[in-house]
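These notes concern the structure reproduced below.
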There are 2 protein chains.
Amino acid sequence: MKCPYCINDDTKVVDSRQVEAQIRRRRECEKCGKRFTTFERVELAEIYILKKNGSRQPFNSEKLRTSIRKACEKRPISLTQIEEMVDQIEAKLRNEDSIEIKSSKVGNLVMQKLRKLDPVAYIRFASVYKDFGDLGCFEETIDKLKRSGPNGRKQHISD
Amino acid sequence: MKCPYCINDDTKVVDSRQVEAQIRRRRECEKCGKRFTTFERVELAEIYILKKNGSRQPFNSEKLRTSIRKACEKRPISLTQIEEMVDQIEAKLRNEDSIEIKSSKVGNLVMQKLRKLDPVAYIRFASVYKDFGDLGCFEETIDKLKRSGPNGRKQHISD
DNA sequence: CTTAGAAACACAAGATATTGTGTTTTATCG
DNA sequence: CGATAAAACACAATATCTTGTGTTTCTAAG
């Protein structure tokens with residue numbers, strides 16, 4: 001790795017840590033002695049999201065994270081759990097055959113995850129994602145949650 | 001490094017090459033066997049360029065490269081040589097005490113480099129950078145080049 | 001449809017990085 | 001300005017990566 005201060009080619013690693021999905025290395029130039037930080041990151045073909053209105057935009061995990069975070073505000077869900085969801089969802093998308101994915105697929109994956117984790121967050125997300133028009137939609141969803149399988153039964157609907 | 005396909009933490013390096021200022025690694029997940037590419041890059045505090053009009057913008061080596069390339073069009077200067085110039089100039093900037101640098105400093109560094117390399121490119125760059133108003137400016141510059149030290153004398157002014 | 005260049009694949013010997021643990025020094029938040 | 005978290009620093013034992021060389025595929029350009 002080239003030293004950015006003197007363009008010398010030989011630098012050695014002084015420290016190396018895994019930080020989230022990256023490896024941060026602290027390097028030292030063998031020639032000028034200066035130190036600097038590098039990051040190793042995955043570089044994959046971009047995934048594209050196909051929106052309902054026909055538009056196509058590059059998938060951005062940050063947007064996904066933000067929308068999940070919003071749904072989970074004040075709920076007993078840690079940032080770590082949100083990270084896990086984001087990672088798992090992105091991994092699912094990566095395993096698709098096509099690099100073009102319908103936004104509804106992403107939405108459904110989020111719902112799937114939230115449903116198992118927290119009913120309130122689930123309803124919040126659904127209300128935005130499914131574009132609830134009236135209170136009836138909430139009631140319907142709550143009913144479904146109550147009647148639903150193992151995951152649903154374990155939960156309490158309250159706030 | 002996390003596998004982007006299955007989120008497993010253990011992946012091993014299968015190949016690793018230096019490409020320009022980066023290290024490209026090919027990794028393989030020990031769990032799912034999938035392969036993917038990563039890049040290690042330097043991450044330093046941004047340098048800011050102070051323009052004459054008082055504006056301040058992040059230094060962008062790509063812009064520098066472009067303007068040098070333009071000055072060197074059709075001249076006997078290889079892309080490698082241009083890369084070297086860019087690298088050397090950026091390194092000089094990195095070694096400044098402040099991370100805020102006057103655009104004139106960058107301009108002068110470019111001139112310094114081009115002067116030693118090719119008089120035509122030098123004059124082209126100067127004419128834009130120094131904002132030559134008339135032919136007299138060109139003549140003056142040519143005169144200076146002719147009369148100047150060792151580097152000047154070695155060159156021929158022609159096109 | 002040929003080709004040049006990049007990216008990927010392979011392998012082995014030698015060199016270098018990783019990781020745990022712990023301390024210290026910045027930054028950032030309130 | 002005090003508290004925390006993140007980044008930087010250190011060190012040693014172990015595990016992994018790097019680099020040369022060469023081939024193969026893939027893609028973009030002609």
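Heavy-atom basis, side chains included; hydrogens, waters and symmetry copies ignored. Residue numbers begin at 1 in each chain, while the letters A, B, ... track the order of the sequences. Values in this document were obtained by computation on a predicted structure and should not be read as measured data.
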Next item on the list: Report the distance from atom NZ of A:Lys34 to atom P of D:dA8, rounded to the nearest whole Å.
Entry: 16 Å
Next item on the list: Could you state the atom-to-atom distance from CD of A:Glu20 to C1' of D:dA5 in whole Å?
Entry: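 Value for this atom pair: 13 Å.
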Please tell me whether [X] and [Y] have a donor and an acceptor in their side chains that are separated by less than 3.5 angstrom.
| X | Y | answer |
| --- | --- | --- |
| B:Arg25 | B:Ser16 | no |
| A:Lys63 | A:Gln57 | yes |
| A:Lys92 | A:Gln112 | no |

Check: What does nucleotides 12-30 of chain C look like as a protein-contact string, B for base, S for sugar-phosphate only, - for none, at under 4.0 angstrom between heavy atoms?
Finding: -----SSBBB---------
Does OP1 or OP2 of [N] have a side-chain N or O of [X] closer than 4.0 Å?
| X | N | answer |
| --- | --- | --- |
| B:Arg26 | C:dC9 | yes |
| B:Thr37 | C:dA8 | yes |
| B:Arg24 | C:dA8 | yes |

Margin query: Please tell me whether A:Ile101 and A:Met85 are part of a single hydrophobic cluster in this structure, the criterion being side-chain heavy atoms less than 4.5 Å apart.
Written below: yes
Next item on the list: Step by step, work out the side chain to side chain donor-acceptor pair (under 3.5 Å) result for A:Glu43 and B:Thr37.
Entry: CA-CA 6 Å; A:Glu43 192 123 324; B:Thr37 302; over 6 Å; no
Next item on the list: Determine whether more than 12 heavy atoms belonging to other residues, nucleotides or ligands lie under 6.0 Å from atom CD of B:Glu20.
Entry: no
